[in-house]
Amino acid sequence: MELTRRDALAALGSGGVVAGVGVAGLHRSLSELPDDGRDLTPERERDLLVAVARIVYPSELDGVSEFVETYVAGRAADRDGYRESVRAALVTLDERARTWRDAEFLSLDGAEREAHLRELGVDAADPDPTGTDAERIRYFVVNELLYALYTSPTGGELVGIENPQGHPGGTDTYRRGPR
Amino acid sequence: MSGDRTPSDRADVCVVGAGPAGALVAHQLGKRGYDVVVLEAGERFDPADREERMERSIRPGHGPLDVWEMGGDRDAYSSSGGIEYPLNSARVKGVGGSTLHWQGMVMRLHEIDFELASRTGVGDDWPIAYDDLRPYYAAAESELGVAGAADNPFAPPREEPFPMPAFRPSYSDSLFAEACDDLGIAMHSVPNARNSEPYDDRGECVGFGTCKPVCPSGAKYSADVHVRKAENEGVRVVDRAPVQRLVHDAAGDSVESAVYATPDGREHTQEARAFVLAAGGVEIPRLLLLSASERYPDGLANSSGLVGRCFMDHLFAGMGGTLDEPTRQNHVGFITSESHQFYDEADEDVGPFKLEFLNYAGPSPVEMALSGDEWGDDLLDTLRDGYGGHVAMGALAGQRPRERNRVTLDPSVTDDHGNPVPEIQWSLDDRTRNTLRRANEIQRDVLTELGVDIEWSVGPENTGPAFHHMGTTRMGTDPAESVVNPELRTHDLGNLWVPSSSVFVTSGAMNPTLTIAALALKAADHVDEAL
Ligand SMILES: Cc1cc2nc3c(=O)[nH]c(=O)nc-3n(C[C@H](O)[C@H](O)[C@H](O)COP(=O)(O)OP(=O)(O)OC[C@H]3O[C@@H](n4cnc5c(N)ncnc54)[C@H](O)[C@@H]3O)c2cc1C
Ligand code: SF4
């Protein structure tokens, strides 16, 4: 199944972002956002997010890269402190790869990336915006990505619900029978 | 506006609490030209933050009380008496009150609810009848904006149509309908305080599916709507201004002022000609008890000794499981069908109850995804397995009024201002247990007929409250046996009105807020007459 920019906009719409700035006002890419001085370029930030998305999203999805960047850029512009927290969690993820595996996260192959996340304990961690490293990575990276996907119509449809909770999909779908 | 928290120089009416009761009274009296001040303990939430609150409600990492920032010293309480009462899940403090969080089901009580003692020998009759409240019910429906239909054969009489058409039945309702048909159980629509079409400058429901605890679109009614309308009529609303006590005149005949605290640590005194207590069914009795004086050592308006007593809530009964086919749950966060068929069969042994057919049975995929230990394809498989065939029924049962169930003060625990916290003493009686058992029987029949693999049930052993706080300043004509009169004025103090579910004499089994709204409109008329 194909994820599109429209899905990202829908997911942003659920979060009120589109309502706030309008579609035209949305940032399309992370590089349009102000530099926070952290040692993480926007390209690398995007690549890390997309790398994690490819692990936590179902393999049948295409279009992950554009979806993720549109979503995160849109959210970052809307919420104070949000992007810093996401970036801090990404930096932690990468640093741990360097110290534990002597390699950058992005230079690991898919299986190693996933193993790294599990070794960090991110799979079993309780998401917590103010918690341990694993809990913050779970909250700001993994759950952020899962929230974006599963509140979007395409993500919902994967599971069989085209109007998932958190998405304003109108009042027709609840009356429809299975297709 | 919310910066200045000093008292108004001159006020006709001081309202305590900005939930639906307080907001409606304030709006009505403001419209009629009175100077009204509303003192609200909680804060004024920014409507622009609602999506973020919705996200908090969906995403693990935030407690359920975080959505509306409940809890902490301000909201401390004690619970005893048999069943634990989770008070802070059962209310919100803020401009809009508990309707910020509520579900928005709004039914009228039935005629039998007002004359339960005469008809069944249980509890007491109300001093007013359904017909007395009927015009106020219609007005309340138009104030809140209710979507409903005239297809309920068990509903009490009404002439006027609902302000908006009902939400149409869900797909899962149509599955239930077949089973209910075979069993001779009639299903019908549910009145919802939720826009099925644009109404009163608010848009129609867009299907976020998170109505409880937060509707980001504003399609669900919440009382901040009437706070805004009241402010447009010149009413002053002061947030973060918890009233600490009421002070009466030397003779003890009327209330002179409300003493309230502000965030800067100061106390202020608001005087007024009339006072309206609209702080909800727990804080109203608490405030009256906290206002004890030499003249009234047992608390204000408490000559009967009944302030805080006869606390009632509705009890939940439910059952659910899975079918071998998709049931299309969790698209919206409200219900579209109920059955009130068994309601009027209440007798000495079994109380009134209503049946609900849920549209949000089983887990929502988003919430499952965010709290699991898996990701990728494994997660998707789990979500597909987990979502799909769930169905569930709910029921609300009424509880009989008993003096031992009460709100009192717990002097061993104090709130952020040093006041004793409310203690909820709560227990179940046999009739209520019978009612839950009876509701479970019918639920089991329906689910069995439908072919459901029943996986869980909530009945007399594990029931919980529906968060409707009733009975703690009951209404009556005899000052020895009630706290307020049929005009909702306290027997003891001539300028103190209480529009709240706290005046309910019996609980019925319908969600209470439409009746609260009707009583608020009625109280506004009585305050107006008195002034
Ligand atoms: C989860 C949930 C779901 C619900 N669903 C439904 C439903 O579907 N249908 C229905 O009919 N009802 C429902 N209810 C109940 C409904 O919310 C209440 O009946 C209704 O809000 C009561 O209105 P009120 O104005 O009397 O009190 P509230 O709405 O509780 O408002 C009281 C206000 O007074 C303020 N206050 C308290 N003490 C003081 C003080 N000392 N000084 C100043 N201010 C004070 C509080 O901060 C609060 O804002 C639900 C409630 C909950 C919690
Ligand atoms: S489904 Fe509920 S939360 Fe969503 S718009 Fe409708 S009323 Fe609001």
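Residue numbers start from 1 in every chain, and the chains themselves are labelled A, B, ... in the order their sequence lines are given, proteins ahead of strands.
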Name the member of B:P326, B:S170, B:S196, B:A48 that forms the most heavy-atom pairs with chain A at distances under 4.5 Å. B:S170
Of the backbone (N, CA, C, O) and the side chain (C-beta and beyond), which part of [X] lies under 4.5 Å from a heavy atom of chain A, both, or neither?
X: B:E325; value: neither
X: B:S371; value: backbone
X: B:F167; value: both
X: B:I58; value: side chain
X: B:L383; value: both
X: B:R59; value: side chain

Ion pair [X]/[Y], N-O distance below 4.0 Å:
X: B:R56; Y: B:E51; result: no
X: B:K354; Y: B:E356; result: yes
X: B:E55; Y: B:R50; result: no
X: A:R6; Y: A:E66; result: no
X: A:R87; Y: A:E45; result: yes

Between chain B and each of [options], count heavy-atom pairs under 4.5 Å; write down the option with the most.
options: A:I55, A:T130, A:L61, A:V56; answer: A:V56
options: A:D128, A:L146, A:I161; answer: A:I161
options: A:L117, A:V122, A:T173; answer: A:T173

Which answer fits [X], side chain, backbone, both or neither, if we ask what part of it has an atom under 4.5 Å from a heavy atom of chain B?
X: A:R138; answer: side chain
X: A:Y57; answer: backbone
X: A:E162; answer: both
X: A:P178; answer: both
X: A:V142; answer: side chain

Under a 4.5 Å cut-off applied to non-hydrogen side-chain atoms, are B:P60 and A:D126 in contact?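 No. Closest side-chain heavy atoms not under 4.5 Å.
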Does some side-chain heavy atom of A:V86 sit less than 4.5 Å from a side-chain heavy atom of A:L49? yes
Quick one: are the ring centres of B:H188 and B:F357 less than 6.0 Å apart? no
Can a donor-acceptor pair be found, under 3.5 Å and without considering hydrogens, that links the side chain of A:D109 to the backbone of A:E112?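 Yes.
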Between A:Q165 and A:T151, is any side-chain donor less than 3.5 angstrom from a side-chain acceptor?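 A:Q165 vs A:T151: no donor-acceptor pair found between side chains.
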